[in-house]
Amino acid sequence: MITFGVSTWLWTSPFTTDTVTLFPKIKAMGYDAVEIPVEYPELIDGAKVKAALNEHSLAPIVCAAFGPTRDLTHDDPAVHQACFDYIEQCFALCNQWEASFVAGPMYSAVGKARMIPDEQRKVEWNRAVENLQKVCQLAQQRGVKIALEPLNRFETDLINTASDVRQLVNDINHPAAGVLLDGFHMGIEEPNIEQAIATVGDKLIHVQVSENYRGTPGTGQFRWDDLKRGLQQVDYQGCISIESFTPEIKELAGAVCIWRHLAEDQDTFASNGLAFLKQLFV
């Protein structure tokens, strides 16, 4: 059974306790789930968010954010510890909200995209594997999983493709390690989206989508039929979430390079995108 979600990043950033005012609208549009990007855990009252989720019958999806101070490939172990502490806070929110995983590119810092020697890349890969094994042990203690997300080449130099993330999960070799695939990044990096999904296989626990230009699903050049066939092939039974961003939040817009409005307004984006996805998958 496929369910449908939307990220609050479509409207605002960062997520705070007050962002729950979006929940009635998201539910009224027909969504089953809401993606909650946990940028700053200290801004979130978990109990109040849980009450709002219950009130509006929305399932939570916890997404973690990884900037320069949250980098498991960093040379300084103190940075790793800060990252572990942050991920633990995300796991605690998962438990409080009854979410089953934390999603995101937690192997490295977003924006760390460099031309480096193979030797250094190997060191950073091994560091990511070792630290993510520790993260998986923490996840297992909490009864949750992690969903590792490949990003396109402009956002990371470590994990760009389904093949990359499958190798990373294989090297981690822990049952708590899963995968998130994002159609936007796949549209840039994958020669064959259907095959990419097959490569991940049963490790796929979450899917994000938007158009090839980060716009409303169904309005661009993304190969939706390939996505559908791929998900059917692996018998995907999870949530498909729309993830895009608003140019009104300048820090966020700058980070994802959105310099113009991608729809008439963000509510229209969310409503029309959901209608397209339901027509495609239901």
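Just so you know, residue 1 is the first one in the sequence shown, and it goes up from there. It should be emphasised that the depicted structure is a prediction, and the values quoted were computed from it without experimental measurement.
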Pairwise distance [atom1]([X]) to [atom2]([Y]) - rounded to 0.5 angstrom:
{"X": "Glu189", "Y": "Thr161", "atom1": "CD", "atom2": "OG1", "result": "7.5 Å"}
{"X": "Phe269", "Y": "Ile242", "atom1": "CZ", "atom2": "CD1", "result": "6.5 Å"}
{"X": "Leu231", "Y": "Ile2", "atom1": "CG", "atom2": "CD1", "result": "6.0 Å"}
{"X": "Cys63", "Y": "Phe15", "atom1": "SG", "atom2": "CZ", "result": "11.5 Å"}
{"X": "Met186", "Y": "Leu181", "atom1": "CE", "atom2": "CG", "result": "5.0 Å"}
{"X": "Glu190", "Y": "Ile197", "atom1": "CD", "atom2": "CD1", "result": "9.0 Å"}

For this session: Apply the side-chain contact (heavy atoms from CB on, under 4.5 Å) test between Arg127 and each candidate in Asp75, Leu132, Asp71; give the one that qualifies.
Result: Asp75
Seminar exercise, completed: Paired with Cys90, the side-chain contact (heavy atoms from CB on, under 4.5 Å) test is passed by just one of Val38, Ile146, Val144, namely Val38
Please check if the number of heavy atoms outside [X] that lie under 6.0 Å from its [atom1] is greater than 12.
{"X": "Gln221", "atom1": "CD", "value": "no"}
{"X": "Gln81", "atom1": "CD", "value": "yes"}
{"X": "Arg121", "atom1": "CZ", "value": "yes"}
{"X": "Arg260", "atom1": "CZ", "value": "no"}

In terms of side-chain heavy atoms, does [X] have a donor or acceptor partner in [Y] at a distance below 3.5 Å?
{"X": "His261", "Y": "Glu248", "result": "yes"}
{"X": "Glu124", "Y": "Gln120", "result": "yes"}
{"X": "Asn126", "Y": "Lys122", "result": "no"}
{"X": "Asn152", "Y": "Glu155", "result": "yes"}
{"X": "Thr156", "Y": "Tyr107", "result": "no"}
{"X": "Thr73", "Y": "Lys112", "result": "yes"}

So, the side chain of [X] versus the backbone of [Y]: is there a donor-acceptor pair under 3.5 Å, distance only?
{"X": "His206", "Y": "Ile240", "answer": "no"}
{"X": "Ser271", "Y": "Thr268", "answer": "no"}
{"X": "Asp32", "Y": "Phe4", "answer": "yes"}
{"X": "Lys278", "Y": "Gly30", "answer": "yes"}
{"X": "Thr17", "Y": "Asp45", "answer": "yes"}
{"X": "Asp157", "Y": "Arg114", "answer": "yes"}
{"X": "Gln133", "Y": "Ile172", "answer": "yes"}
{"X": "Lys228", "Y": "Leu280", "answer": "yes"}

For this session: If the plane angle is over 60° it's perpendicular, under 30° parallel, otherwise tilted; pick one for His56 and Phe23.
Result: perpendicular
For this session: Show your reasoning for whether side chain to side chain contact (heavy atoms under 4.5 Å, CB included) applies to Glu149 and Met106.
Result: CA-CA 8 Å; Glu149 178 186 11; Met106 62 184 69; over 6 Å; no
Among [options], which one satisfies side-chain hydrogen bond (donor to acceptor under 3.5 Å, both in side chains) with [X]?
{"X": "Trp11", "options": "Thr19, Thr21, Asp265, Asp267", "answer": "Asp267"}
{"X": "Trp9", "options": "Glu243, Glu35, Glu39", "answer": "Glu39"}
{"X": "Gln167", "options": "Asn170, Asp171, Asp164", "answer": "Asp171"}

How about [X] and [Y]: do any of their side-chain heavy atoms sit closer than 4.5 Å?
{"X": "Ser57", "Y": "Lys27", "value": "yes"}
{"X": "Ile44", "Y": "Thr16", "value": "no"}
{"X": "Lys145", "Y": "Ser100", "value": "no"}
{"X": "Trp125", "Y": "Ile159", "value": "yes"}
{"X": "Ile61", "Y": "Ile36", "value": "no"}
{"X": "Val135", "Y": "Phe84", "value": "yes"}
{"X": "Val102", "Y": "Cys94", "value": "yes"}
{"X": "Leu22", "Y": "Val20", "value": "no"}

For this session: Carefully, step by step, assess Val34 and Leu53 under the rule side chain to side chain contact (heavy atoms under 4.5 Å, CB included).
Result: CA-CA 9 Å; Val34 57; Leu53 289 165; 3.7 Å; yes
Problem set entry | Trp224 ring center near Phe276 ring center (under 6.0 Å) | yes
Problem set entry | Centroid-centroid under 6.0 Å between Tyr213 and Phe222 rings | no
For this session: With Arg214 as the cation and Phe245 as the aromatic partner, state whether NZ or CZ is under 6.0 Å from the six-membered ring centre and within 45° of the axis.
Result: no
Exercise. Within 45° of the ring axis of Phe91 and under 6.0 Å from its six-membered ring centre, is that where the NZ or CZ of Arg142 lies?
Worked result: no
Exercise. Which atom pair, heavy atoms only, marks the closest approach of Leu93 to Gly46?
Worked result: CD2-CA, 4.1 Å
For this session: Identify the heavy atoms of Ala162 and Val200 that sit nearest to each other, and give their distance.
Result: CB-CG2, 3.8 Å
For this session: Please report the C-alpha distance between Leu148 and Leu168 in whole Å, then the side-chain angles of each, then the deciding distance to 0.1 Å, and finally whether the side chain to side chain contact (heavy atoms under 4.5 Å, CB included) criterion is met.
Result: CA-CA 9 Å; Leu148 297 167; Leu168 180 64; 3.9 Å; yes
Exercise. Thinking salt bridges, do Arg229 and Asp226 make one under a 4.0 Å N-O criterion?
Worked result: yes
For this session: Report the C-alpha separation of Phe66 and Leu151 in whole Å, then their side-chain angles, then the decisive distance to 0.1 Å, and conclude whether the side chain to side chain contact (heavy atoms under 4.5 Å, CB included) test is met.
Result: CA-CA 12 Å; Phe66 295 90; Leu151 301 180; over 6 Å; no
